[in-house]
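Just so you know, residue 1 is the first one in the sequence shown, and it goes up from there. Start at 1 and go down the list; that is how both ligands and their atoms are numbered. Excluded from the calculations below are hydrogen atoms, water molecules and symmetry mates; all remaining heavy atoms, backbone and side chain alike, are included.
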Amino acid sequence: MSQYLNEKIKGIKPSGIRKFSEMASSVPGVISLGVGEPDFITPWHICEEAIYAIESGRTYYTPNLGLPELRKEICNYYQRRFGCNYDWKKQCLVTVGASEAIDICMRTLLNPGDEVILLSPCYVAYTPSVELADGVVKYVNLKEEEHFKLTPEALEEAITPKTKMLFLNFPSNPTGGIMTHDDYVKLIPIIKKHNLVVLSDEIYAELTYDGTFCSLASFEEIKDQVIILNGFSKAYAMTGWRLGYILAHPDIIQAMIKIHQYTIMCPSIISQYAGIEAAKNGDEDCKMHRESFLARRNFIVNNLNRIGLTCHMPQGAFYVFPSIEKTGLTSEEFCEKLLFEAKVAVVPGNAFGESGEGHVRISYAYSIDLIKEALSRIEKFLKQF
Ligand SMILES: Cc1ncc(COP(=O)(O)O)c(C=O)c1O
């Protein structure tokens, strides 16, 4: 049937995470530390608001931008937590997860041939979303010895006359790296000088462990150039509700609406009512989740280093990105062998870009007991090397 398919689609590779999860599901007794999803269930007070919306017959379409009350609460939240001001009437668009947000940003902003700087390794959806919008990806390879941060030198070097966009994601999936306020300060003159539009995927903002999270939107001098992507999936354990948002200049939001209104119309109203409660009264839930992930992070990093998989200390998100170079295997070979011999599923680093080679991504959004059992299997497995 390939004659019916769009040429661009034929060139898009399937996600390396999905490929490994599918392989893992065929192995009985496997422990999967592959998927980036909190193991908590959504806090009950948030669920109750959704149930109440159904009970009271609020089951219709909402405005394309999203429910006004939700947009107000999202803007209140960004102000309260990160000190960034946005006008809920003009600068906030509610999306179906950060995933829709990524897609419509690309389709709204890119012209064919525009270059987009991605930091490698990066979240698996970034490259295809650029390519589907006819953009050209330019990678900046982040280095473990620099704690997977973007340096001004590396950014400057990647910029060409065709560069339009810089796409950031801190805390990062898959490395757990963060950028502090001082790290960002060094990038601001470059972003200004080259007039870049910067997407900042801040979906792991609440899961920052060491230091405080700094939103790129807090830099007033580039705020018009910054587009914030965020969502409820990770911090509130709401992956299945499919709720995210974009904060940006009113002109950009107006342009994005043209795509969103025809393809999505609006996210589920039931999820939007849950989102109001999360944004308004969910700070304590985020804190509880953060503290729990922090304990798991410390446990897994200490133990991985002890058993010989050297691993930098991730400062955010819920992933560790240890080096497997000592084993002499590629990341795919390592993951396949680990899966079939030790029955533990993790994701090969090269699923996140070539510079992820030599590493694997392990999610610690699982119970300590499960992590303990997985680590003991990995320890036995490593004895052969
Ligand atoms: C960096 C990053 N951005 C976006 C997403 C997608 O999130 P959502 O569930 O809001 O679509 C993920 C999910 O894993 C992610 O890791």
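Few gaps surround CD on Glu144; more than 12 heavy atoms of other groups in view lie less than 6.0 Å from it.
Just one of Ser200, Cys105, Ser99 meets the side-chain contact (heavy atoms from CB on, under 4.5 Å) condition when paired with Leu229; it is Cys105.
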Show me the short polar-atom pairs for ligand 1: any N or O of it lying under 3.5 Å from a protein N or O, with distances only.
from     : atom 1 : to     : atom 2 : distance (Å)
ligand 1 : 3 (N)  : Asp201 : OD2    : 2.6
ligand 1 : 9 (O)  : Ser233 : OG     : 2.7
ligand 1 : 9 (O)  : Arg242 : NH1    : 2.8
ligand 1 : 10 (O) : Ala98  : N      : 2.7
ligand 1 : 10 (O) : Ser233 : OG     : 3.3
ligand 1 : 11 (O) : Ala98  : N      : 3.3
ligand 1 : 11 (O) : Ser99  : N      : 3.0
ligand 1 : 11 (O) : Ser99  : OG     : 2.5
ligand 1 : 11 (O) : Arg242 : NH2    : 2.7
ligand 1 : 14 (O) : Lys234 : NZ     : 2.6
ligand 1 : 16 (O) : Asn173 : ND2    : 2.8
ligand 1 : 16 (O) : Tyr204 : OH     : 2.7

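Between the side chains of Glu100 and His260, a donor-acceptor pair is found at a separation under 3.5 Å.
Ring geometry, Phe82 versus Tyr78: the interplanar angle exceeds 60°, so the pair is classed perpendicular (tilted spans 30 to 60°).
Annotation: cation-pi geometry satisfied between Lys223 and Tyr86 (NZ/CZ under 6.0 angstrom from ring centroid, within 45° of ring axis).
Using a cut-off of 4.0 Å between Lys/Arg side-chain N and Asp/Glu carboxylate O, Asp103 and Arg107 are scored as salt-bridged.
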